[in-house]
Colleague: 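Please find one structure pasted underneath; my questions will follow.
If you're wondering where the values come from, they're calculated on a predicted model, not measured in any experiment.
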Number of protein chains: 2
Amino acid sequence: MYHLKDLQLAIRIADLHSVSAAARELGMTPASASAALQRLEHKLNCQLFARSTRNMQLTEEGQAFIDTGRQALSLLQGASDALADKRGELRGELRIALPSDLGRNRVRAWLDELTAQAPELTLRLYFGDQLDDLIEQNVHLALRYGELQDSSLMRRQLARMHRVAVASPEYLDRHGRPSHPQQLSQHKILLLNRGNTPWHKWRFADKRQPLEVELTGSKSCNDGAVVKEWALAGEGIAYKSWFDVAQEVTEGRLELLLTDYLAEPIPLQLTYLQTEYPSHKVRTCIEFLKQKCLAFDSQYPLPKP
Amino acid sequence: MYHLKDLQLAIRIADLHSVSAAARELGMTPASASAALQRLEHKLNCQLFARSTRNMQLTEEGQAFIDTGRQALSLLQGASDALADKRGELRGELRIALPSDLGRNRVRAWLDELTAQAPELTLRLYFGDQLDDLIEQNVHLALRYGELQDSSLMRRQLARMHRVAVASPEYLDRHGRPSHPQQLSQHKILLLNRGNTPWHKWRFADKRQPLEVELTGSKSCNDGAVVKEWALAGEGIAYKSWFDVAQEVTEGRLELLLTDYLAEPIPLQLTYLQTEYPSHKVRTCIEFLKQKCLAFDSQYPLPKP
DNA sequence: AATCATTTTCAAAAATTTTTTGACATGTAC
DNA sequence: GTACATGTCAAAAAATTTTTGAAAATGATT
């Protein structure tokens, strides 16, 4: 009879296709993880993984085992959580994936507030603007813009927020202020990469008619926070959520552009796995962030033309 | 994160209301089991059991935890079994509860045949004529006479077999042969105890009409094998399944009585828990016993009048 | 009421298991 | 081709679990 930790490890190895990566995540050495996996395979008398030095792939048998192992572990996790829940305790680890800019500059502080109230809660934040697989990421919650289509996920909408074009006053003084989205092509454009390719279609609306402009960037990167920093440094025009730039605009460090051509607002959603009823700590975090978003809305109303 | 063995132990402690009993069953010392339980409770940060020195009772929280723990463990067991199944291997432990007489004198030999063919299979037999709780007994299969009413159990009928009254020729020579069930009350009667009270109503039939006679025993015990030994020793008349006495009757050591008044045959059933799809080893055992019962039927046909 | 046979638990020692350490062979990326 | 990361190995070190022997507690029995 094997150790539950070994099962958890095997599941993560299957998710990440890597012993080392799983070991790092679970805070153990690769050697120890390798030994644990072999232990498990030996006890099951079955080779779960087909190994090449560079890649771990589940065997057919391994697939079946890991699948139901995942179910069982989820049940057990739920049972443990339920115990803590009943006592109304907020303890344990909370793993959250966040968009880089929103995460660093706004949500991080909110979550710090939450953990100040609940000191037994351990926070693990994963910043990034790539829409990675929630299972692979192994987080409880992922905060993401836009509609998610993965049906295995539950979602809770926190807000709907406009995307806006912004640039620094210095840049605009030098290069002029575009008065229509079509004029953007004559500007330096700062793009966010999603996946491998820049996200180069910006959405606006002209008298309620959708208007999409396709742009080539003078700079692009995969981190939304860096895009904003470029904009602040006068490197060009960025297309950001109002969430991300409200404060800078209020302070006058960034300037709103093309507010007559705002497209429909984009939802900001919190997604989580459907496999388990969210535990007390997760539910609390969801509600907390929902409150904070509401407060944000009234503190920073988007200046309408 | 706790050890799976600790969960299994906790489940058995909950079933048996005893650390020691669970420890004995799982082949560990009470001290080690106690330590393991405390380890688990500590890791869950929750008292699973309300303890008195003499009795372990699940707390409300413990109940919830053990319930889903049981599910999870069953899933995991199933996953492990499935691995062995796929390879068509017959290995692991097989725990079977058997009626005392049938078990000792017939099925044991059959099962020895099975394990001779499958040497990796470990047999654990539990003899007894008390219809104990299958969950509490923790067996894969229980062989029982009669209709079971517990709906959480699956059943497979192995045979239908008549109950017959038997006694040794010596006894009958001395006390005479009853020619009608009603005359049994003038005889020495050997009864089987089920639960605390003797099972003193014997069923016959007179021209297809059920005929039940209520008897007082001159001897009774809770073990069917002992009842047969009494009958062989000429202590009186016993009421047994034809399975149990076919060989002795064929050899002339017991004599069939009242064969004109046989009641409906009673089913012999193999019951197992519904929680898991039976594993390969369990299915194999079921089929094997079914075959053996069929072979028995043709080897020892009940002599009809 | 007192004894008895069990039961749970404890603490220290012993045994077992797991992790670390340092190394090596192998495959991938540049 | 070189540099780097990966999976595994063997021995040592560390951590965990089990045993051992004994003590305290409790329900049953006398």
Side-chain angles (χ1 to χ4, degrees), chain A residues 1-59 61-63 65-66 69 73 80 136 138 195-196 222, chain B residues 1-59 61-62 66 69 73 76 80 136 196:
Chain A
M1 187 145 277
Y2 47 91
H3 202 296
L4 214 47
K5 213 163 59 177
D6 291 357
L7 174 62
Q8 185 191 33
L9 174 70
I11 290 175
R12 292 307 291 157
I13 292 175
D15 290 340
L16 303 169
H17 300 282
S18 158
V19 174
S20 302
R24 274 193 299 275
E25 182 182 296
L26 299 175
M28 55 204 305
T29 62
S32 151
S34 176
L37 179 59
Q38 283 178 60
R39 211 154 52 219
L40 181 64
E41 290 190 323
H42 192 255
K43 285 190 181 164
L44 293 172
N45 192 30
C46 163
Q47 184 156 323
L48 296 175
F49 290 90
R51 302 147 154 78
S52 72
T53 332
R54 201 69 176 177
N55 197 25
M56 306 286 286
Q57 204 70 32
L58 275 174
T59 61
E61 296 165 330
Q63 184 66 254
F65 179 79
I66 291 294
L73 192 60
S80 299
E136 181 158 327
N138 199 29
N196 287 327
N222 68 349
Chain B
M1 187 144 277
Y2 46 92
H3 198 113
L4 213 47
K5 211 161 59 174
D6 290 357
L7 174 63
Q8 184 191 33
L9 175 70
I11 290 174
R12 292 307 292 157
I13 292 175
D15 290 341
L16 302 170
H17 300 282
S18 158
V19 174
S20 303
R24 274 193 298 273
E25 182 181 298
L26 299 174
M28 56 203 306
T29 61
S32 149
S34 175
L37 179 59
Q38 283 178 60
R39 209 153 55 219
L40 181 64
E41 290 190 322
H42 188 76
K43 284 189 181 162
L44 293 172
N45 192 30
C46 163
Q47 184 157 323
L48 296 176
F49 289 90
R51 302 148 152 77
S52 73
T53 339
R54 203 73 175 175
N55 196 27
M56 307 287 286
Q57 204 71 31
L58 276 174
T59 61
E61 295 165 331
I66 291 293
L73 192 60
L76 257 20
S80 300
E136 181 158 327
N196 285 328

Colleague: In terms of side-chain heavy atoms of A/S34, which of C/dT19, C/dT9, D/dT8 is nearest?
Modeller: D/dT8
Colleague: Given atom CG of A/L9 and atom P of D/dG7, what is their separation to the nearest angstrom?
Modeller: 11 Å
Colleague: Does D/dT6 have OP1 or OP2 under 4.0 Å away from a side-chain N or O of A/R24?
Modeller: yes
Colleague: For the pair made of CZ in A/F49 and P in D/dT8, what is the distance, rounded to whole Å?
Modeller: 10 Å
Colleague: I'd like to check the salt bridge (charged side-chain N to carboxylate O under 4.0 Å, His left out) partners of B/R51; sequence neighbours left out, ordered by chain and number.
Modeller: B/E41
Colleague: Does the pair A/H17 and A/Q57 meet the rule for a side-chain contact (heavy atoms from CB on, under 4.5 Å), with working shown?
Modeller: CA-CA 6 Å; A/H17 300 282; A/Q57 204 70 32; 3.6 Å; yes
Colleague: Under 3.5 Å, which protein N or O atoms sit close to an N or O of nucleotides 16-18 of chain C? Give each pair with its distance.
Modeller:
{"from": "C/dT18", "atom 1": "OP2", "to": "A/R39", "atom 2": "NE", "distance (Å)": "3.3"}

Colleague: Looking only at heavy atoms, which two atoms of B/S80 and A/F65 are closest? And how far apart?
Modeller: OG-CE1, 4.1 Å
Colleague: Which heavy atom of B/A14 sits nearest to which heavy atom of B/L58, and what is that distance?
Modeller: CB-CD1, 3.7 Å
Colleague: Show every salt bridge (charged side-chain N to carboxylate O under 4.0 Å, His left out) that has at least one partner inside residues 7-17 of chain A, sequence neighbours left out.
Modeller: A/R12-A/D15, A/R12-A/E25, A/D15-A/R70
Colleague: Just the rounded figure in Å: distance from P of C/dA15 to CE of B/M28.
Modeller: 18 Å
Colleague: Starting from C1' on C/dT26, measure out to CE on A/M56 and report it in whole angstrom.
Modeller: 14 Å
Colleague: Taking all heavy atoms of A/L7 and all of A/Y2, pick out the closest pair and write down the distance.
Modeller: CB-CE1, 4.1 Å
Colleague: Can you tell me how far P of C/dT8 sits from CG of B/L48, to the nearest Å?
Modeller: 15 Å
Colleague: Nearest-Å distance, CG (A/L40) to P (D/dG7)?
Modeller: 16 Å
Colleague: Under the salt bridge (charged side-chain N to carboxylate O under 4.0 Å, His left out) rule, what pairs show up with a residue in residues 1-10 of chain B, not counting sequence neighbours?
Modeller: B/D6-B/R39
Colleague: Taking all non-hydrogen atoms of both residues into account, name the closest pair between A/T59 and A/F49 and its distance.
Modeller: CG2-C, 3.8 Å
Colleague: Taking only nitrogen or oxygen atoms into account, show me every contact under 3.5 Å that the protein makes with nucleotides 21-26 of chain D, one pair per line with its distance.
Modeller:
{"from": "D/dA25", "atom 1": "O3'", "to": "B/T53", "atom 2": "OG1", "distance (Å)": "3.3"}
{"from": "D/dT26", "atom 1": "O4'", "to": "B/T53", "atom 2": "OG1", "distance (Å)": "3.1"}

Colleague: How long is the line joining CD of B/Q38 and C1' of C/dT8, in whole Å?
Modeller: 9 Å
Colleague: Might you point out which heavy atoms bring A/V19 and A/A33 nearest each other, and give the distance in Å?
Modeller: CG1-CB, 3.7 Å
Colleague: Describe, as an angle rounded to 10 degrees, how the axis at the first end of the helix from C/dA1-D/dT30 to C/dC30-D/dG1 is tilted relative to the axis at the last end, five pairs per end.
Modeller: 40°
Colleague: Rounded to the nearest Å, what distance is computed from the CG atom of residue A/L16 to the P atom of nucleotide D/dA5?
Modeller: 18 Å
Colleague: Considering all heavy atoms of both residues, which atom of A/A10 and which atom of A/L40 are nearest to each other, and what is their separation?
Modeller: CB-CD2, 3.6 Å
Colleague: When you get a sec, tell me which of D/dT6, C/dT7, D/dT18 is the closest nucleotide to the side chain of A/S20?
Modeller: D/dT6
Colleague: Rounded to the nearest 0.5 Å, how far does CG of B/L76 lie from CG of A/L4?
Modeller: 7.5 Å
